[in-house]
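Following: one structure in structure tokens, then a few remarks.
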Protein chains: 2
Amino acid sequence: MNPGLRSGELAQAAGVNLQTLRYYERRGLLAEPTRSPGGHRLYPAEALTLLRVIKTAQRLGFTLDEVAELVDLGTHRHGRRRDTSLQRRAATKLAEIETKIADLQTIAESLRTALDAGCDDLTTCATTDCCPIPLAGLDHGDNK
Amino acid sequence: MNPGLRSGELAQAAGVNLQTLRYYERRGLLAEPTRSPGGHRLYPAEALTLLRVIKTAQRLGFTLDEVAELVDLGTHRHGRRRDTSLQRRAATKLAEIETKIADLQTIAESLRTALDAGCDDLTTCATTDCCPIPLAGLDHGDNK
DNA sequence: GGTAAGCCTGTACCCGGGTACCGGATGCAA
DNA sequence: TTGCATCCGGTACCCGGGTACAGGCTTACC
């Protein structure tokens, strides 16, 4: 049976640096893989999926700690014994994500309007009312 | 007429550090404001909106350079003389944003499924098929 | 079994995005 | 006009997220 990916293969497949794998391992994002007799890491194929999930979540503005939480929002057990604290964290995360989606939709809307209108100034759009659907919708007023 | 906000007032209102304002000014994100006779900065009210837009965009995973581009995607002129290169950049940005929205929706969907199912493991969801709508959808396969 | 490519641990460094601190100059109210 | 809060420019520092390098062991193939 296939012994697993070597670290270099995995890194290349995921488009990350080899050192990054070790860094993620130290941070606890990537489980310690099995080793060859001589001590070389051998990763299961799922590690690639996980890495891509991590990279995607990062692009979306989550810190590594948040990514870890997202991924961890349950790596412990599955089904049975519904742990309400986990459920609650998941619900909180979900609300956060929904806010992000809404904000991105506001930005997308502004860009679309700008494109349609041949109007190309978002700041002006945000602060004056020359344009129909301004970015100012992002101003939730409660920063920090 | 109201002379504008002092830097401390603006910083507090936006929930950012005073130094951050000067930093953004150096980076070109915040225009140089007018000054009092003695050299103190005096910001127009729109600066607050802009700061909030910046902070929101950052939470969404845009770098400061990208935020600058977003905001700049046109601060030059408005309407008339449709600059196609700007239009094109806006279109590109828009596509990016739509991808982000889709990815966030995938994550939201996973969390929702996990919550509904009392299933609380995203990694397993992503890499096995025990769960209906896995995170694996984030795996676009083309990282970097 | 020789040898090149690949991997090991450890430590040092880099970049983006801020923050802190300093000594000195304003702003404004009493 | 004095006094305290605030702001000024400049420089140095901090943290998250990597990335590079050194010196030595493993693997894989001829």
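- Applying the 4.0 Å criterion to OP1 and OP2 of dC7(C), one finds that Arg41(A) has every side-chain N and O outside that range.
- At the phosphate of dG18(D), OP1 or OP2 sits under 4.0 Å from a side-chain N or O atom of Lys55(A).
- If you check residues 19-33 of chain A against DNA chain C, the residues with a heavy atom closer than 4.0 Å are Arg22(A), listed by number.
- When the C1' atom of dG17(C) is taken as reference, atom CD of Glu66(B) falls 14 Å away, rounded to whole Å.
- Every side-chain hydrogen bond (donor to acceptor under 3.5 Å, both in side chains) that Glu98(A) has, sequence neighbours left out, goes to Arg112(B).
- Atom C1' of nucleotide dG16(D) and atom CD of Gln58(B) are separated by 14 Å, given to the nearest angstrom.
- A straight line from CD of Glu9(A) to P of dG6(C) spans 10 Å, rounded to a whole angstrom.
- In this structure, the side-chain contact (heavy atoms from CB on, under 4.5 Å) partners of Thr34(A), at least two apart in sequence or on a different chain, are Leu42(A).
- Evaluation of the side-chain contact (heavy atoms from CB on, under 4.5 Å) rule for Tyr23(B) yields Arg26(B), Arg27(B), Leu64(B) as partners, not counting sequence neighbours.
- Among residues two or more places apart in sequence or in another chain, the side-chain contact (heavy atoms from CB on, under 4.5 Å) test is passed with Glu25(B) by Glu32(B), Pro33(B), Arg35(B), Arg41(B), Tyr43(B).
- Atom CG in Leu18(B) sits roughly 16 Å away from atom P in dC22(C) (whole-Å rounding).
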Check: protein-nucleotides 27-30 of chain D nitrogen or oxygen pairs below 3.5 Å:
residue, atom, partner, partner atom, Å
dT27(D), OP1, Ser36(A), OG, 2.5
dT27(D), OP1, Gly38(A), N, 2.7

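- If you measure from atom CG of Leu42(B) to atom C1' of dT6(D), you get 12 Å, rounded to the nearest angstrom.
- Looking only at distances, no side-chain donor or acceptor of Thr20(A) sits under 3.5 Å from a matching main-chain atom of Val16(A).
- When the C1' atom of dT6(D) is taken as reference, atom CG of Leu5(B) falls 15 Å away, rounded to whole Å.
- With sequence neighbours left out, Glu9(A) forms a salt bridge (charged side-chain N to carboxylate O under 4.0 Å, His left out) with no residue at all.
- When the C1' atom of dG17(D) is taken as reference, atom CG of Asp65(A) falls 11 Å away, rounded to whole Å.
- When the side-chain contact (heavy atoms from CB on, under 4.5 Å) test is applied to Ala68(A), the partners found at least two apart in sequence or on another chain are Leu29(A).
- For Lys100(B), the side-chain hydrogen bond (donor to acceptor under 3.5 Å, both in side chains) test picks out no residue, with sequence neighbours left out.
- The shortest side-chain heavy-atom distance between Leu5(B) and Leu48(B) does not fall under the 4.5 Å cut-off.
- Of the residues near DNA chain C, Phe62(B) and Gly8(A), the one whose nearest nucleotide (by heavy atom distance) lies more toward the 5' end is Gly8(A).
- The distance between atom CG of Leu64(B) and atom P of dG17(C), rounded to the nearest whole Å, is 4 Å.
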